[in-house]
Colleague: 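Once you've had a glance at the structure underneath, I'll fire off some questions.
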Amino acid sequence: MPDPDSKYYEPEIECLPRPELEALQLERLKKQLQHAYDNTVYYRRSFDEAGVKPSDLKTLADLAKFPTIDKHVERDTQHVGTFFGELCAVDEEDVVFMATSSGSTGVPTVSPFTENDFELWQNTEARLFWQTGMRPGSRYVHGLNFALYVGGPDVLGAQKLGALAIWVGAVPSDRLLFVLKEYQPTHLWTSPSYAWQLGEKAKEKGYDPKKDFNLETIIVAGETGGSIKSTREAIEDLWGVKVYDFFGLSDIYGACAGMCEEQDGLHIAEDQILVETVDPATGEVLEPGSTGELCYTTLMKEARPLIRFRTGDIGHIDISPCKCGRTLGRIHVTGRKDEMFIVNAVNVFPSDIEAVVRDLDGVTGEYSIRVYNEEHATRYEVSIEKAAGSSEASDALAARVEGALKTRTGVRPRKVVVYEAGKLGTASEHKAKRFIDERTEK
């Protein structure tokens with residue numbers, strides 16, 4: 001256990017000079033490729049068909065010679081031959097835990113972990129928690145779903161570093177507010193949408209979120225909102241806390257990356273995950289700093305190694321040293337490839353629309369996006385809520401929002417629909433569904 005006064009949980013990893021970090025990655029990558037080839041049906045077949053073998057990897061750049069995989073491969077190979085399927089590299093009796101994906105983009109995929117996989121995961125989570133200021137003596141409320149969700153076990157990362165972990169899970173707002181008031185925790189983890197909704201609910205119940213609770217930090221994950229400055233600052237202002245965005249992937253760990261105090265991207269566990277950015281259309285590897293589809297390779301996974309997994313997330317990685325002193329690269333996720341839409345030759349991401357809505361006065365911050373075809377062209381409309389007590393005419397508010405969206409995205413929505421506060425129906429106690437794709441032609 002590090003000294004509580006130490007800024008870093010594992011300085012030997014977090015502050016490792018870049019050349020040494022890349023040498024460590026190369027050493028681990030060679031072993032991971034060999035492990036995948038020797039122990040999985042899928043990778044032996046895939047590598048052989050591509051005409052590559054693990055010994056072909058001499059440098060990190062050589063990874064580009066190897067084939068990529070994606071969610072379709074996971075779905076097509078799971079439960080084939082064995083329960084965990086052709087991507088699993090260990091016997092089922094060596095698996096001690098399994099999670100599943102949410103299934104938001106199709107059939108849920110099953111993710112197995114050996115005991116060592118699980119320990120590495122929770123050590124990484126403890127490291128990320130430490131970045132947020134969590135220490136022995138902190139009180140942590142885990143407000144995430146425990147049911148098969150890969151973020152559920154992350155509560156153990158808080159216990160690992162010595163914090164008091166309060167296993168709340170996905171409970172109704174009234175119950176969670178009771179916990180926050182009664183037990184006075186310092187840290188809470190939930191989704192960005194729910195962090196906002198919970199603060200508004202607290203005010204409805206007569207609480208002052210800044211004064212009646214003891215929160216210092218809210219950790220958010222599961223949506224892009226935590227990395228959108230206007231959304232993050234709105235939550236911070238509502239609660240009087242600092243907000244840190246975290247990122248996990250059921251395919252790898254529930255703890256892949258997290259913000260430090262600089263709030264400039266999410267430090268990814270590069271000692272365990274190699275990051276590439278590829279062109280979404282061609283798969284060509286792009287230079288660090290270029291925006292494209294993020295592609296991850298595990299470096300230490302035993303149960304299910306993932307080699308060049310295309311995530312569908314659009315973003316970039318910054319490998320320059322962070323002001324916090326950490327050398328681990330920072331990912332910046334813009335949005336999902338499958339949620340990006342093109343209007344009049346302009347790429348539009350839901351995160352751009354959220355940034356506008358969260359930053360405007362006179363609205364609640366709730367929104368939804370509908371994308372549809374009209375005369376063989378893609379159109380979009382945005383629904384919002386007028387702030388309670390606002391006297392602004394709905395048509396004037398709609399025009400103001402349309403103008404702000406045109407300025408931010410470059411294309412005006414077909415229309416903006418204005419609802420009264422609380423009537424839009426997007427409020428959620430967990431992840432909110434805000435993107436509705438009605439296109440029949442894409």
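Given the structure is predicted, the values throughout are model-derived calculations rather than measurements.
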Colleague: Ion pair present between K205 and D212, side-chain N to carboxylate O less than 4.0 angstrom?
Modeller: no
Colleague: Could you walk me through whether R330 and D318 pass the salt bridge (Lys or Arg N to Asp or Glu O under 4.0 Å) test, one step at a time?
Modeller: CA-CA 5 Å; R330 288 157 286 152; D318 182 354; 3.3 Å; yes
Colleague: Between the side chain of E216 and the main-chain N/O of H187, is any donor-acceptor distance below 3.5 Å?
Modeller: no
Colleague: Between K210 and D208, does any NZ, NE, NH1 or NH2 come within less than 4.0 Å of an OD or OE carboxylate oxygen?
Modeller: no
Colleague: Test salt bridge (Lys or Arg N to Asp or Glu O under 4.0 Å) on E261 and K242; report intermediate values, then the result.
Modeller: CA-CA 9 Å; E261 68 271 17; K242 193 154 187 174; over 6 Å; no
Colleague: Is it the case that T298 and Q32 place a side-chain donor and acceptor less than 3.5 Å from each other?
Modeller: yes
Colleague: For the residue pair F341 and Y380, does the interplanar ring angle fall in the parallel (under 30°), tilted (30 to 60°) or perpendicular (over 60°) class?
Modeller: tilted
Colleague: Do you see a donor-acceptor pair shorter than 3.5 Å between the side chains of E236 and Q263?
Modeller: yes
Colleague: Sub-3.5 Å donor-acceptor pair from the side chain of Q131 to the main-chain atoms of G258, do we have one?
Modeller: yes
Colleague: Between T186 and R139, is there a donor-acceptor pair closer than 3.5 Å when you use the side chain of the first and the backbone of the second?
Modeller: yes
Colleague: If I take atom CZ from residue R28 and atom CD1 from residue I273, how far apart are they, to the nearest 0.5 angstrom?
Modeller: 12.0 Å
Colleague: Less than 4.5 Å apart, side chain to side chain, heavy atoms only: is that true for L180 and P185?
Modeller: yes
Colleague: Does any non-hydrogen side-chain atom of R414 lie less than 4.5 Å from one of Y372?
Modeller: yes
Colleague: Can you measure from CG (L148) to OG1 (T100) and round to the nearest 0.5 angstrom?
Modeller: 4.5 Å
Colleague: Roughly how far apart are S227 OG and I331 CD1, rounded to 0.5 Å?
Modeller: 8.0 Å
Colleague: Considering only heavy atoms from C-beta outward, does the side chain of Y43 approach that of I307 to under 4.5 Å?
Modeller: yes
Colleague: Just checking F118 against F97, ring centres under 6.0 Å apart?
Modeller: yes
Colleague: Could you go through R336 and D313, starting from their C-alpha distance and side-chain angles, then the distance that decides it, and tell me whether this counts as salt bridge (Lys or Arg N to Asp or Glu O under 4.0 Å)?
Modeller: CA-CA 5 Å; R336 292 283 306 167; D313 289 328; 3.1 Å; yes
Colleague: Distance-only, no hydrogens or angles: does the W196 side chain make a donor-acceptor pair with backbone N or O of T364 under 3.5 Å?
Modeller: yes
Colleague: Work out which heavy atom in L128 is nearest to a heavy atom in F246; give both atom names and the distance.
Modeller: O-CZ, 3.5 Å
Colleague: Does any part of the side chain of W121, heavy atoms only, come nearer than 4.5 Å to the side chain of L156, both counted from C-beta?
Modeller: no
Colleague: State whether E420 and K423 are salt-bridged, where the test is any N-O pair (Lys NZ or Arg NE/NH1/NH2 against Asp/Glu carboxylate O) under 4.0 Å.
Modeller: no
Colleague: Do the rings of F129 and W189 sit parallel, tilted or perpendicular, given the 30° and 60° boundaries?
Modeller: perpendicular
Colleague: Above 12 or not: heavy atoms from other molecules or residues under 6.0 Å from CD of E287?
Modeller: no
Colleague: Go through it in stages, so that I can follow the logic: the residues are V275 and I268, the test is side-chain contact (heavy atoms from CB on, under 4.5 Å), and I'd like the CA-CA distance, side-chain angles, deciding distance and then a yes or no.
Modeller: CA-CA 9 Å; V275 183; I268 192 160; 3.7 Å; yes
Colleague: For the residue pair F213 and W239, does the interplanar ring angle fall in the parallel (under 30°), tilted (30 to 60°) or perpendicular (over 60°) class?
Modeller: tilted
Colleague: Say you draw a straight line from CE of M259 to SG of C324; how long is it, rounded to the nearest 0.5 Å?
Modeller: 12.0 Å
Colleague: Give me the one residue out of T217, L188, V155, T132 that meets side-chain contact (heavy atoms from CB on, under 4.5 Å) with Y140.
Modeller: V155
Colleague: Using the six-membered ring of Y253, assess whether NZ or CZ of K301 lies under 6.0 Å from its centre and within 45 degrees of the ring axis.
Modeller: yes
Colleague: Are C260 and K323 close enough that some pair of their side-chain heavy atoms sits under 4.5 Å apart?
Modeller: no
Colleague: Keeping R135 on the side-chain end and W130 on the backbone end, is there a donor-acceptor pair under 3.5 Å?
Modeller: yes
Colleague: Taking atom NE2 as the centre, does H72 end up with more than 12 heavy-atom neighbours from other residues, nucleotides or ligands that are less than 6.0 angstrom away?
Modeller: no
Colleague: Give me the atom names and distance for the closest heavy-atom approach of T277 to I317.
Modeller: OG1-CG2, 4.1 Å
Colleague: Can you see which heavy atom on V168 is nearest to which on L176, and at what distance?
Modeller: CG1-CD1, 4.1 Å
Colleague: Contact between Q159 and W167 at the side-chain level, heavy atoms closer than 4.5 Å - yes or no?
Modeller: yes
Colleague: Can you check whether T297 reaches L306 side chain to side chain, under 4.5 Å on heavy atoms?
Modeller: no
Colleague: Quickly, which of R18, R127, R326 forms a salt bridge (charged side-chain N to carboxylate O under 4.0 Å, His left out) with E270? Name it, please.
Modeller: R18
Colleague: For S250 and R304, which heavy atoms make the closest approach, and how far apart are they?
Modeller: O-NH2, 4.1 Å
Colleague: Does a donor on one side chain sit under 3.5 Å from an acceptor on the other, for S101 and T109?
Modeller: yes
Colleague: For P112 and D117, work out which heavy atoms get closest and say how close.
Modeller: O-OD2, 4.4 Å
Colleague: Does some side-chain heavy atom of K386 sit less than 4.5 Å from a side-chain heavy atom of Y419?
Modeller: no
Colleague: Might you work through the salt bridge (Lys or Arg N to Asp or Glu O under 4.0 Å) test for E392 and R400, ending with a clear yes or no?
Modeller: CA-CA 11 Å; E392 184 176 11; R400 184 159 62 89; 2.8 Å; yes
Colleague: State, without any angle test, whether E354 and Y367 hold a side-chain donor-acceptor pair at a distance under 3.5 Å.
Modeller: yes
Colleague: So, for V416 and A398, which heavy atoms are closest and what is the spacing to 0.1 Å?
Modeller: O-CB, 3.7 Å
Colleague: Can any side-chain N or O of E385 pair as donor or acceptor with the backbone N or O of G422 at less than 3.5 Å?
Modeller: yes
Colleague: Are the side chain of T311 and the backbone of L294 linked by a donor-acceptor contact shorter than 3.5 Å?
Modeller: yes
Colleague: Passes side-chain contact (heavy atoms from CB on, under 4.5 Å), D154 versus H142? Steps please.
Modeller: CA-CA 8 Å; D154 286 327; H142 194 74; 4.1 Å; yes
Colleague: Where the side chain of R412 meets the backbone of L405, is there a donor-acceptor pair that is under 3.5 Å apart?
Modeller: no
Colleague: State whether R358 and E233 are salt-bridged, where the test is any N-O pair (Lys NZ or Arg NE/NH1/NH2 against Asp/Glu carboxylate O) under 4.0 Å.
Modeller: no
Colleague: Take T409 and D352 through the test side-chain hydrogen bond (donor to acceptor under 3.5 Å, both in side chains) and record every step on the way to the result.
Modeller: CA-CA 7 Å; T409 67; D352 292 324; over 6 Å; no
Colleague: Please test E86 against T40 for side-chain hydrogen bond (donor to acceptor under 3.5 Å, both in side chains), starting from the C-alpha separation and ending with a verdict.
Modeller: CA-CA 6 Å; E86 295 182 331; T40 74; over 6 Å; no
Colleague: Does either side chain, that of Y194 or that of S173, offer a donor lying less than 3.5 Å from an acceptor on the other one?
Modeller: yes
Colleague: For Q272 and T124, does a side-chain donor sit closer than 3.5 Å to a side-chain acceptor?
Modeller: yes
Colleague: Under 3.5 Å, side chain of T68 to main-chain N/O of R310, donor-acceptor pair present?
Modeller: no
Colleague: State plainly whether the residues R308 and E276 are in salt-bridge range, i.e. N to O under 4.0 Å.
Modeller: yes
Colleague: N123 side chain to A126 main-chain N or O, any donor-acceptor pair under 3.5 Å?
Modeller: no
Colleague: Check this for me: does any side-chain nitrogen of one of K71 and D251 sit under 4.0 Å from a carboxylate oxygen of the other?
Modeller: yes
